[in-house]
Amino acid sequence: MFDNLSDKLELTLKKLAGQATINEVNIGIAMRDIKRALLSADVNYKVAKKLVEDIREKSLGESVIKSVSPAQMIVKIVNDELTEIMGGQNQPLNLPPKKIPAIVMVAGLQGSGKTTFCAKLAKRLKKNGKNPILVAADVYRPAAVEQLKTLGEQIDVPVFSIEEQDAMKAALGGLEAAKAGAKDVVIVDTAGRLQIDEAMMAEAEALKNRLSPDELLFVVDSMMGQEAVNTAKAFNDRLDFDGVVLTKLDGDARGGAALSIRQVVEKPIKFMSVGEKVDDLDVFYPDRMAQRILG
Ligand code: GDP
């Protein structure tokens, strides 16, 4: 374990300092440390292995700029590669300006931070001049509906809900309410379960087919580590979502889930949630996450 990959590599490669190129010897040593760094940041083993091989190929023969050491050079190559893999730049929410209301559907396991995210997104959109409405389609847990209502009050955004346990009815009702109330974005919070199950997936799929959301976002808890990737894959196989929201990044998760998810499902991570409060939401910046992963 080590805290800073750059310092650690500096130390390991010290005896090789002065070499003008990245060669088999120093890259071999560096890659071992980089793989360890990736694994300790919870990057999926297969993803880490492939990455290290790719980076080795790319780095070999690169001449080292005079002002930096081979260690710094290698860390820069790794950093750039991770940033690139995670999409290079932030990928914004893709809401068609002329479609009113635009629809955002949010799916994920129970406890992932879905409901909180819906409110955070509503607040963000409102700040950007939108006029959103929240829809409680997580109809099976009265606590979830109450939670959304409380959050809606906090941010002064209306929440549409119904008494019956009928997610489709709630979602379609929410859409009607949006039209009647001249709302321009509908955010639909759907039901999650503690684990992936058929009923949840079938319901989410039916909602997707019926609503044709402009953005279907999958919310996942970054603290789940390796499990986050399996969950993302299962949701994507079934729902073919548009983007990912990584939550609980205020915790000590190093963020490897971001890299693995991006590699495995090939969908952009759009937002990161960094706390329980309604303002604790950031857009996702691949370069910042690369630095966090490398430590
Ligand atoms: P849902 O079941 O997926 O709708 O999840 P909730 O939105 O109810 O969130 C589950 C718990 O995680 C709640 O206690 C939230 O306050 C908390 N939570 C959500 N997002 C974050 C986050 O980014 N950081 C932290 N620390 N807690 C979060």
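Both counts, for ligands and for their atoms, begin at 1 and track the order of listing. Basis for what follows: all heavy atoms, side chains included, without hydrogens, waters or symmetry-related copies. In what follows, residues are counted from 1 in the order of the sequence shown.
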May I ask you to identify the nearest protein heavy atom to [atom], giving residue, atom name and distance to one decimal place in Å?
atom	value
atom 4 (O) of ligand 1	Thr115 OG1, 2.6 Å
atom 28 (C) of ligand 1	Glu276 CG, 3.7 Å
atom 23 (O) of ligand 1	Ser273 OG, 2.5 Å
atom 24 (N) of ligand 1	Asp250 OD1, 2.8 Å
atom 2 (O) of ligand 1	Gly111 N, 2.6 Å

Problem set entry | Set of salt bridge (Lys or Arg N to Asp or Glu O under 4.0 Å) partners for Asp280, sequence neighbours left out |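 Partners of Asp280 under the salt bridge (Lys or Arg N to Asp or Glu O under 4.0 Å) test: none.
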### Task
Using distance alone, decide if ligand 1 has a nitrogen or oxygen within less than 3.5 Å of any nitrogen or oxygen in Phe117.
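No; the residue has no nitrogen or oxygen that sits under 3.5 Å from a nitrogen or oxygen of the ligand.
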[X], portion touching ligand 1 at heavy-atom distance under 4.0 Å:
X	value
Leu109	backbone
Asp138	neither
Thr116	both

key: Aromatic Phe218 / basic Lys267 pairing, under 6.0 angstrom, 45° off normal   =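 No; the conditions do not both hold, so Lys267 does not lie above the ring face of Phe218.
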Requested in this report: Establish, for the pair Arg193 and Tyr140, whether the NZ or CZ atom is under 6.0 angstrom from the six-membered ring centre and no further than 45 degrees off its axis.
Outcome: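 Yes, a cation-pi geometry holds between Arg193 and Tyr140.
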(Q) When you measure from the heavy atoms of Asp280 to every atom of ligand 1, does any distance fall below 4.0 Å? (A)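 Asp280: no contact with ligand 1 (<4.0 Å).
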Exercise for the section: Examine ligand 1 and decide if any of its atoms is less than 4.0 Å from a heavy atom belonging to Gly192. Expected result: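 In this structure, Gly192 fails to qualify as a contact of ligand 1 - no heavy atom is under 4.0 Å.
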Original post:
Are more than 12 heavy atoms from other residues, nucleotides or ligands located less than 6.0 Å from atom CD of Gln226?
Top reply: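 Result for CD/Gln226: enclosed.
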**OP:** May I ask which of Gly275, Ala119, Gly113 has a heavy atom nearer to atom 21 (C) of ligand 1 than the others do?
**Re:**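 Among Gly275, Ala119, Gly113, the closest heavy atom to atom 21 (C) of ligand 1 comes from Gly275.
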### Query
With respect to atom 18 (N) of ligand 1, which of Arg141, Lys114, Gln147, Lys248 exhibits the smallest heavy-atom separation?
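Shortest heavy-atom distance from atom 18 (N) of ligand 1: Lys248.
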Does the side chain of Thr190 come under 3.5 Å of the side chain of Lys114 through a donor N or O and an acceptor N or O?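 Not at all, the side chains of Thr190 and Lys114 share no donor-acceptor pair under 3.5 Å.
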_Short side-chain donor-acceptor distance under 3.5 Å, Thr115 and Asp189_ =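 Judged by distance alone, the side chains do pair up.
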Element-labelled atoms of ligand 1 that are located less than 4.0 Å from some non-hydrogen atom of Gln110
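Here the atoms of ligand 1 in question are 2 (O).
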Q | From Lys46 atom NZ to Asn44 atom CG, the distance as rounded to the nearest 0.5 Å | A |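 With rounding to 0.5 Å, NZ (Lys46) is 7.0 Å from CG (Asn44).
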task = Under the side-chain hydrogen bond (donor to acceptor under 3.5 Å, both in side chains) rule, collect the residues that match up with Lys179, sequence neighbours excluded.
result =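 Testing Lys179 for side-chain hydrogen bond (donor to acceptor under 3.5 Å, both in side chains), a comparison that skips the adjacent residues, returns none.
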query = Between the side chain of Ser112 and the main-chain N/O of Leu109, is any donor-acceptor distance below 3.5 Å?
reply =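 Between the backbone of Leu109 and the side chain of Ser112 there is a qualifying donor-acceptor contact (under 3.5 Å).
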